[in-house]
Structure formats: C-alpha cells, structure tokens
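The figures here come from the full heavy-atom set of this structure, side chains too, leaving out hydrogens, waters and symmetry mates. Just so it is clear, the model here is predicted, and its values are computed rather than measured. In the text below, chain A, chain B and the rest are named by the order of the sequence lines, each starting its count at 1.
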There are 2 protein chains.
Amino acid sequence: MSHLVRKLENFVRLSAADRMMLNRAAAQRVRTFAPRTDIAREGEKPKDVHLILNGWACRYKQLEDGRRQIVSFFLPGDICDLNIFILREMDHSIGTITAVSIADLSREFFDEISAGYPRVATAFWWETLVNAAIQREWTMNLGQRTASERMAHLLCELFFRLRLAGLADENSCSFPLTQADLAEATGLSKVHVNRTLQELRASNLIVLKGKMLVLPDLERLMSAGLFNANYLHLDREGRQLDANE
Amino acid sequence: MSHLVRKLENFVRLSAADRMMLNRAAAQRVRTFAPRTDIAREGEKPKDVHLILNGWACRYKQLEDGRRQIVSFFLPGDICDLNIFILREMDHSIGTITAVSIADLSREFFDEISAGYPRVATAFWWETLVNAAIQREWTMNLGQRTASERMAHLLCELFFRLRLAGLADENSCSFPLTQADLAEATGLSKVHVNRTLQELRASNLIVLKGKMLVLPDLERLMSAGLFNANYLHLDREGRQLDANE
DNA sequence: GTAACATGCTAACATAAGTTATTGTAGGCG
DNA sequence: CGCCTACAATAACTTATGTTAGCATGTTAC
C-alpha cells in the first residue's frame, strides 16, 4: 500500500475505488531527483502539485545574505500545497535531502477528485489542515522552546509522521538529516545542534548514528520536548487514538 | 465595501453576485467579543468557520508551563481555516486583542460557494494559500531574523495586510498591539521588545504611540526587516503589483 | 591508495537576548 | 479627587546560544 493511502487512512476510511484512483495518479508522471537538488525554486511559476513517493525533501526559504531556514519537511506520502497552481510564483523552494521520487498531480486530477471522490477530497482537506497545524507548531517551537526542547519536539514529530506513513519501526526509524539540516530547521547553529544532540544522548533519550534514529523511551522524549500530538489530528471519526498504531 | 471583499478583489475580480453572496453571509450569525477574550479554545470541537468583521484577534498556543506564543494575527476580512469543522478538536486558541465582531460561516455556506460561485471558491483558495505562506514566513522570521529585523518584518506585514483590507492610510495605521503582544508574537521578551522598538524609533523607521503606528519610510523599514512581499501574493492575473495600491 | 570533501565533535570566547527589579505615566473608575 | 491597574521605559546583571577555529572520522572519486 502506498505511503499516501496509508497515511490518509489514519483519518478517513477509503473505498477500493478511492485507493485505486490514488495509486493510479501516483504511478503517472513520476520523476526522480538526486540528493541535495531542487525540485522547485522560489520565483518560479508553480505548475503541478507534487506528491512525494519516496525519500525526504524540504521546503526552505533564503534571505539575500544567505541565511537559510528549512520551514518544513516532506516525507513519503506528503503532498505539497493543493491548488498551488493558482498562484503566480513560488514563495519558497523545495529541495531534496535524499534521492527522491515524486509524482506530479495535475489540475485535472483534483477536478476528478472533487467531482467523484468525496472521501478523498475530505482526506485532502485533512492533509491541508494538518500541514497548517504543523507550520503553526513550528512557529511555537522556534518562538518558545529552548534548544533541547525544540530538538526533542522535532524528533518526535518526524517519528510520528514516519510511523503514520508506515516508515518507522516500534522505536526507530531511518533518519537522513545531517546536523546542518537540523540547524537550518531549528534555527540553531550547527555547533549548538551538536551540543543539544549530545545532551539528548547523555539523557538516553536518543541514539542517533549512521542515518538511523532510535528512541528508547518515546514517552520521555515527548515530555522533554513538551510534545502533544494533538496538532497532527490522528483521530479518525469513531476511533480512539492508539499511541502505537 | 466589506474588508473581505476588498481583500479578495486584490486577487480575483468578483461579480456583483459574488459580492452580494459574501456580504449576505457576513451579515448573518454575527457575534461580538470584548477585548482580551477567547473566541475559541484549544481542545474544543470546531463548529463554524469564523470571518473577522471588525477588530484584531490572534491565534495562540500555550505550553503547560504557561509560555504563550501568538502564531498569527487575524485582521478584518480574515477567515480562519476553511473546513476546520472536519477536525475533531482545535489545536490552538483564538483570542481577541480589541473588541471584535465576527460572522460564523456554516458548512452549507461553503457548499453553496463551491456549487455556484467559482470565483469566490478560487479566492478562498488564494486566502488559504496566502495564510500558509504567512505561517511559513513567520517560521523564517523566528528562525533566522534578529530581534530588530523580526520586529521590522512583522510591522511591515501587518501594514501591508491592513492596507489590503482598506484599513491603512498612506503611511500610518491604527495599531492596538501592546508590547506584551509583540513579545508573544516575536518570541522575544517584553524588555527586549521595548529595546527593539526604541532602536527602530531612533533610526526614524517608526513612530508608535497611543495605538497609532506611523511608518515615515516604508522602503527603509522593509529593507531593515528583509521584507519581501512576494509571500502575500498580491498579484491578480494580468496586473502588475503597485506598491501603493 | 590517497586526495578531497562532507560530516561530526570539541574548545574558547563573544554577544544577543533573557531576567529581575524599579520607576514613570496615563487612563479608568470608585 | 485620588487610587488602581495596565502599559511603557530603563538599569544591572545573567545566560543561552552564536562564532571561529581546529581536529577526527568516514565516504567517494580517481
């Protein structure tokens, strides 16, 4: 099952036809990108909506003097802004972290969805609202949390999101971000990211080595990061949230 | 003309019927709130989409230990998340700054829009995309800009947005935020906000007194805040952006 | 096999911003 | 009228985080 379908089914129960429609769209117009390359650049005219099939990517913005901020991460199953093509130009860039494959989704695809696939349309709205909530949470993270809280929070978020897409084990996941990436995402310097990771290691909250992240005690990491998963809205109608699902 | 219509017409040309539809919705189910009260609280079930008719409000989030972050401001003409009612609970609170009047927009209203008012539907998508872009810009602001850049940037953003809704003069606007509000929005301490404002005053970039903000030299303030208005997407098809419009 | 480079780690030092506290000022209201 | 209270201003001091630099390790390319 595709990461997208797997993720959306955490919120909406899809029919076989819904799933087929999504999988068909994800198999057309596929492109691949090498690590550390741009999928789209600030200033360009947005043409298609991108669905991440495999690999990690990020949105980033850059100031004239070179300061860079990663404003969000894209994991497999994530979709960049719906209807982005109504805008004249991109206000940010999208770049890859690892090798990435994407499917380009056309305006017509979304017309088809809203005409004949109401559950998928709802699921896409859920995706949009959750993305907005994540962005607000990042604002909170950068504005109020200390360096170690911030790092713990980011690691929790990524782990939860990977698990949602079926990409994490019980307490570990593949983790391709460098300390420089973490610095750009948290607004900290590289040196301080290193210090902060050492601190989390010393508290036995994380094991991070060779592109692999292990979280021996997720509960403690969550409380270290003042992490509350409510903003991910993992609550399908009529179902209680199970932390291990 | 309502602030909402005025704002949306910066992006999409609306028909008389479109405008009538919007104005009718804005006249029904109106509620008013005193300054410094909550319109909605984190944890509640979202029921309606709120349209701000008059006054200033904000979204905020709070940590268990009391740290508060304002994650966005609502100005007259702003709409809180479309389709928010598909979620089970609010992940943030909405509170007023000044006295505020809002109109509650129902699910049925949006059904009507998507069935028969395509230009309004597009305009609402534009609103959604711009709100997302603003939230990303705040992430950038908190992550990379220094205190004075950050403050200058925020002031520019608010001034541009007010002007869009027809609420600013040539180089001034009403400005009800306290220094404590600015602190919660910028992630700075109140004392440092004060220092930062003094600095902007000393550079003759702002005059801020008695709930009134004057920007004697917007160009210089923009460059002090590394402000680039592209993320507000003020670019109606076929029209060049005019900085004074 | 070695050069070249990206990444991670650490130390020493610098600084932007936070904290606590005090004072001033202007409204609101009994 | 005078007492509150909210807001703004400023000083003195502390601290979290940034900066610069250097070294170690591992990976890739030739």
- Query: Taking NZ, NE, NH1 and NH2 as the nitrogens, is one of them in Asp91(A) or Arg59(A) under 4.0 Å from a carboxylate oxygen of the other?
  - Reply: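 No salt bridge links Asp91(A) with Arg59(A).
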- Does a side-chain N-to-carboxylate-O contact under 4.0 Å join Arg136(A) and Asp81(B)?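 Between Asp81(B) and Arg136(A) there is a salt bridge, with a charged N closer than 4.0 Å to a carboxylate O.
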- Message: For Gln69(A), run the side chain to side chain donor-acceptor pair (under 3.5 Å) check against Glu137(B), Gln144(B), Arg145(B) and tell me which one passes.
- Response: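 Result for side chain to side chain donor-acceptor pair (under 3.5 Å) with Gln69(A): Gln144(B).
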Atom-pair distance ([atom1] on [X]; [atom2] on [N]), nearest Å:
{"X": "Phe175(A)", "N": "dT7(C)", "atom1": "CZ", "atom2": "P", "result": "14 Å"}
{"X": "Gln179(A)", "N": "dT25(D)", "atom1": "CD", "atom2": "P", "result": "16 Å"}
{"X": "Glu199(A)", "N": "dT17(D)", "atom1": "CD", "atom2": "P", "result": "9 Å"}
{"X": "Arg145(B)", "N": "dA17(C)", "atom1": "CZ", "atom2": "C1'", "result": "18 Å"}
{"X": "Leu208(A)", "N": "dG8(C)", "atom1": "CG", "atom2": "C1'", "result": "11 Å"}
{"X": "Ile97(B)", "N": "dC7(D)", "atom1": "CD1", "atom2": "C1'", "result": "14 Å"}
{"X": "Lys209(A)", "N": "dT27(D)", "atom1": "NZ", "atom2": "C1'", "result": "16 Å"}
{"X": "Lys190(B)", "N": "dT10(D)", "atom1": "NZ", "atom2": "C1'", "result": "14 Å"}

Just to be sure I understand the rule, does [X] reach a base, reach only the sugar-phosphate, or reach nothing, if contact means heavy atoms closer than 4.0 Å?
{"X": "Gly210(B)", "result": "nothing"}
{"X": "Arg150(A)", "result": "nothing"}
{"X": "Thr178(B)", "result": "sugar-phosphate"}
{"X": "Leu188(A)", "result": "sugar-phosphate"}

- Task: Check whether any side-chain nitrogen or oxygen of Arg201(A) sits under 4.0 Å from OP1 or OP2 of dC9(C), and answer yes or no.
- Result: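 Answer yes for this pair, as a side-chain N or O of Arg201(A) is under 4.0 Å from OP1 or OP2.
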- Using a cut-off of strictly less than 4.0 Å, decide whether Asn194(B) has a side-chain nitrogen or oxygen near OP1 or OP2 of dA9(D).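 Affirmative; the distance criterion is met.
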Nearest-nucleotide pick for [X], side chain only, options being [options]:
{"X": "Arg195(A)", "options": "dA12(C), dA17(C), dT19(C)", "value": "dA12(C)"}
{"X": "Gln198(A)", "options": "dT10(C), dA21(C), dA8(D)", "value": "dT10(C)"}
{"X": "His192(A)", "options": "dT17(D), dT19(C), dC9(C)", "value": "dT17(D)"}
{"X": "Lys211(A)", "options": "dT10(D), dG8(C), dA11(C)", "value": "dG8(C)"}
{"X": "Ser189(B)", "options": "dG18(D), dG18(C), dT20(C)", "value": "dG18(C)"}

- Query: Which distance, rounded to the nearest 0.5 Å, do you find between the OG1 of Thr128(A) and the CD1 of Ile79(A)?
  - Reply: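 If we round to the nearest 0.5 Å, Thr128(A):OG1 and Ile79(A):CD1 are 8.0 Å apart.
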- Item | From Leu75(B) atom CG to Arg163(B) atom CZ, the distance as rounded to the nearest 0.5 Å |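 Output value for this atom pair is 13.5 Å.
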